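Note that the coordinates shown come from a computational prediction; the quantities given were computed from them, not determined experimentally.
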Amino acid sequence: MGKIETPDGATRGILNVSRRSLLKGAGGLALGIFFAPLLRGMDALAAGGPLEPNAFVRIDLDGTVTVLAKHLEMGQGSYTGLATLLAEELDADWNQVRVEGAPADAKRYNNLAFGPMQGTGGSTAMANSWEQMRNAGATAKAMLVAAAAQRWGVPASEISVSQGVVSHAGSGRSAGFGELVEAAAQLPVPEQVQLKDPRDFKLIGKRDLRRKDSLDKTDGSAVFTQDFKLPGMLVAMVAYPPRFGGVPRKVDSSKAKAVRDVVEVVEFRDLPHGRSGVAVLANNTWAARQGRDALVIEWDETQAFTLGSEEIFAQYRESAGQPGLPAASKGDADAALAQAAKTVEAEYEFPYLAHAAMEPMNCLVKLSDERCEIWNGEQFQTVDQAIISGYLGLAPEQVSLTQLYAGGSFGRRAGSVSDYLLEAVAIAKAARDKGVDAPVKMVWTREDDTRGGYFRPLYLHRVRIGLDQGGKLQAWHNRIVGQSIMAGTSMEPFMIKDGIDHTSVEGLSNLAYTVPNLQVELSTPTNIKVPVLWWRSVGHTHTGYVAETMIDEAAVAAGQDPYAFRHALLDSQPRHRGVLELAAKQAGWDKPLAAGAEGEKRGRGIAVHESFGSFVAQVAEVTVKADGSYRLDRVVCAVDCGIAINPDVIRAQMEGGIGFALAAARHSAITLKEGRIEQSNFHDFQVLRMNEMPKVEVHIVPSAENPTGVGEPGVPPLAPALANALFAATGVRLRKLPFPAQIKA
């Protein structure tokens, strides 16, 4: 059993369930649950083969139901969603349900959307757990019912369960879960269980269900990596080269070692991801920071990246002038464009973006000769285990990962190369090599986090569209230039096909609008050494913007209403149409927008986009003042994410996605000058301020479809809806993000 020690000294255990059988012991019921459709296990069991069960629930003698969450809680509501699924079928008392992070074990806790690996991302947590967690709850319930039926001598079919109480109406008997767990633990695990009809749901779809992480995060008892400590632990802070690719040539650590509470100074280099640094280890964070600031380092930058953002864009423009690799091809776009009655051409620029999670990257490592133990907001267990074990020469199972709360991620903690975890491990290893055998917590400042790389890539799009005499869209030609986030990673064989990184073109290569001639091309530079990674909504963050602003330009060129134009082109996309219709209706699209004050101009824009299996439409209303400054007044959002597991979480994620996207539209950009990152903190990499957040209305489309994700799909439509609204108010098209602070008509 792995234990998490909280600041108050209490321990929280994660129970590892043994293979092939139900665990019996310690007066509780812990289920090792196997699902034949997922793992082909019943056939294997019948043939005498191994059973590798999943373990998701523990019920204690006091009736507490502990849900083991295979997905990280980083603010998106996964703990609540997973608990809701299980508790629904278990008919548990919501107040008696608690959640713990599951240990790293891909055989039992794999993400079914990813294949044989454990991790959280791609808005897959609820979608891949929908039947799995419900089966877990239903199985536990069946065993409790069987135990009660055996004890009371009544048919199981006459027993009911509600809010953690098992009852038999005919005899008047009842028992809480805790009273039955010992008897239930002696029974076999049923091979099949009956799931509820959605009409009978009591928790799923209910808006007033309290989140499972809210209280801990409100009263301060939630344990994040920064809260977690081990006896004798040292804190490490790292001096990184000012340019990517630099390495330390000469280090004078004498002043650093003279700082009180500084213990040691170590270097790391030649890591698999190529980064080097100098770390100061101290008894506390302040001493580590003072020691780091006292280092005198001469950097070798002969292999460092030295281009600036404008030079990168210039190179990309040259690439956009040449054909790229085909990502999508239908009809003959060039011929159709040559014959078009009207054409529109545009070039778009998207900057690098940092993730800017509220909790900067950090990681705690404890090393021994035969084991590496890690505590952090763990998002990509299987990838991290593989990379770290390979670096240390250990087997993956010798690397344990304890999942704590994470203060946001937006993709950053799901590192394809495990960069910051690997650096923490390298520091701990280098310290041991110098005789300092202690747990090490690597801590980043906001500046480290902002300049640390692994940004959303910088992209350039060059687009041409053509319409016929009747205003019908006939052709779309789109060239995209940008770095691949998959190249050089373990995911390259799965995500790059025929030279195309799918994440660079998603949202355009599968464009939802009916267009008979479509050509999407991709050019991927290999000489840009800025580390890149997925960012919330991944490729949809730029492809969705291009698609929805270009379709708006097409509507204007055709002399048609932007909503009606979209609606007609989505005749084969009922779910796109559904959210588009709902958003337009709730926004009052068919009614004139109320006039602003004297000297003000008002505009309304619309956008619709599908990402990660969810469909979102947004209508934005803006006011532009006489000096060109503007405010986003209102956003009406419609979302179709299948069955709404937790409506309040869905609304929160749409609101959060809108705020996140608005920051990128209005403010955020990472820029380079001579290879150096120019931004450092929130004053120059600005995120959204509270007074900039608009009024947001979220409307959920009722659906019987299986649930899909909501952590990311609220992001892509906001920026194009805002840009289209600003065009409606000013007549200015915005093709470079972030937008200028003032937009003159």
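Using a cut-off of 4.0 Å between Lys/Arg side-chain N and Asp/Glu carboxylate O, R269 and D300 are scored as not salt-bridged. Electrostatic pairing of E73 and R211 counts as a salt bridge here, judged by a charged N lying under 4.0 Å from a carboxylate O. Using a 4.0 Å cut-off between charged nitrogen and carboxylate oxygen, R292 and D448 count as a salt-bridge pair. Between E678 and K673 there is no salt bridge, since no side-chain nitrogen of the basic residue lies less than 4.0 Å from a carboxylate oxygen of the acidic one. A salt bridge does not link E378 to R413: none of the charged side-chain nitrogens sits closer than 4.0 Å to a carboxylate oxygen. By the 4.0 Å N-to-carboxylate-O rule, E264 lies close enough to K257 to be salt-bridged with it. Under 4.0 Å is where a charged nitrogen must lie from a carboxylate oxygen, and between D270 and R275 no such pair does.
Pairing each heavy atom of S537 with each of E712, the nearest pair is OG-O, 2.6 Å. Across every non-hydrogen atom of V649 and G77, the tightest pair is CG1-CA, 4.2 Å. Between Y391 and A426, the closest heavy-atom pair is OH-CB, 3.5 Å. Minimum interatomic distance between G377 and Y420 (heavy atoms only, all atoms of both residues): O-OH, 4.3 Å. For the pair A357 and S409, the tightest heavy-atom approach, listed with the atom from each and the gap, is CB-N, 3.9 Å. Residues S416 and I387 approach most closely at O-CD1, 3.7 Å, considering heavy atoms.
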Legend entry - Check against side-chain hydrogen bond (donor to acceptor under 3.5 Å, both in side chains), K70 and Q132: CA-CA 11 Å; K70 65 180 184 177; Q132 188 180 54; 2.6 Å; yes
Legend entry - Step-by-step ring-ring contact (aromatic ring centres under 6.0 Å, His included) determination, Y109 to F56: CA-CA 9 Å; Y109 297 110; F56 299 108; 5.7 Å; yes
Inset, instruction - Check the pair E267, S276 against side-chain hydrogen bond (donor to acceptor under 3.5 Å, both in side chains), reporting the backbone distance first and the verdict last. - result: CA-CA 8 Å; E267 296 181 33; S276 303; over 6 Å; no
Inset, instruction - Run the numbers on K255 and D293 for salt bridge (Lys or Arg N to Asp or Glu O under 4.0 Å), then give the verdict. - result: CA-CA 9 Å; K255 292 181 180 178; D293 293 346; over 6 Å; no
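With hydrogens and angles disregarded, a donor-acceptor distance shorter than 3.5 Å links the side chain of Q483 to the backbone of V530. Formation of a donor-acceptor pair under 3.5 Å by the T450 side chain with backbone atoms of R446 is found in this model. Using modelled atom types, no side-chain atom of E359 and backbone atom of A406 make a donor-acceptor pair closer than 3.5 Å. In this structure, the side chain of S484 engages the main chain of A487 through a donor-acceptor pair within 3.5 Å. Of the possible polar contacts, none joining the S78 side chain to the A125 backbone as a donor-acceptor pair under 3.5 Å is found.
Atom CD of Q379 is separated from atom CG of L401 by 12.5 Å, given to the nearest 0.5 angstrom. Atom CG of L307 sits about 5.0 Å away from atom CD of E311, to the nearest 0.5 Å. Here the OH atom belonging to Y352 is positioned 10.5 Å from the CZ atom belonging to R456, to the nearest 0.5 angstrom. Distance check: L404 CG to T225 OG1 gives 5.0 Å after rounding to the nearest 0.5 Å. The CD1 atom of I388 sits 7.5 Å away from atom CG of L392, with the distance rounded to the nearest 0.5 Å. Taking CD of Q76 as the start and OG1 of T120 as the end, the distance is 7.0 Å to the nearest 0.5 Å.
Using bins of under 30°, 30° to 60° and over 60° for the plane-to-plane angle, the ring pair F114/F380 lands in the perpendicular bin. The aromatic rings of Y454 and H273 sit tilted relative to each other, their planes meeting at an angle between 30° and 60°. Ring orientation note: the planes of Y79 and Y405 are tilted relative to one another, at an angle of 30° to 60°. By the 30° and 60° cut-offs, the orientation of the rings of F660 relative to F410 is tilted.
The 12-atom threshold is exceeded at NZ of K434, counting heavy atoms of other residues, nucleotides or ligands nearer than 6.0 Å. Within a 6.0 Å sphere centred on CZ of R260, heavy atoms belonging to other residues, nucleotides or ligands number 12 at most. No more than 12 heavy atoms of other residues, nucleotides or ligands shown are found within 6.0 angstrom of CD on E674. Annotation for Q303: atom CD does not count as buried by contact number, only 12 or fewer foreign heavy atoms lying within 6.0 Å. Heavy-atom contacts from other residues, nucleotides or ligands closer than 6.0 Å to NZ of K429 number 12 or fewer.
Between the side chains of T402 and E373, not a single donor N or O lies within less than 3.5 Å of an accepting N or O. Checking N128 against H71 by side-chain atom types alone, a donor-acceptor pair falls below 3.5 Å. No side-chain donor from either of Q381 and D384 sits under 3.5 Å from a side-chain acceptor of the other. Looking at K441 and N376, their side chains never bring a donor and an acceptor atom within 3.5 Å of each other. Side-chain contact annotation: E447 with N681, donor-acceptor N/O pair under 3.5 Å present. Of the N and O atoms on the side chains of N527 and Q315, at least one donor lies less than 3.5 Å from an acceptor on the other residue. Using a 3.5 Å distance cut-off with no hydrogens or angles, the side chains of T524 and D501 do not pair a donor with an acceptor.
Residues L533 and R412 have side chains in contact (heavy-atom distance under 4.5 Å, counting atoms from C-beta outward).
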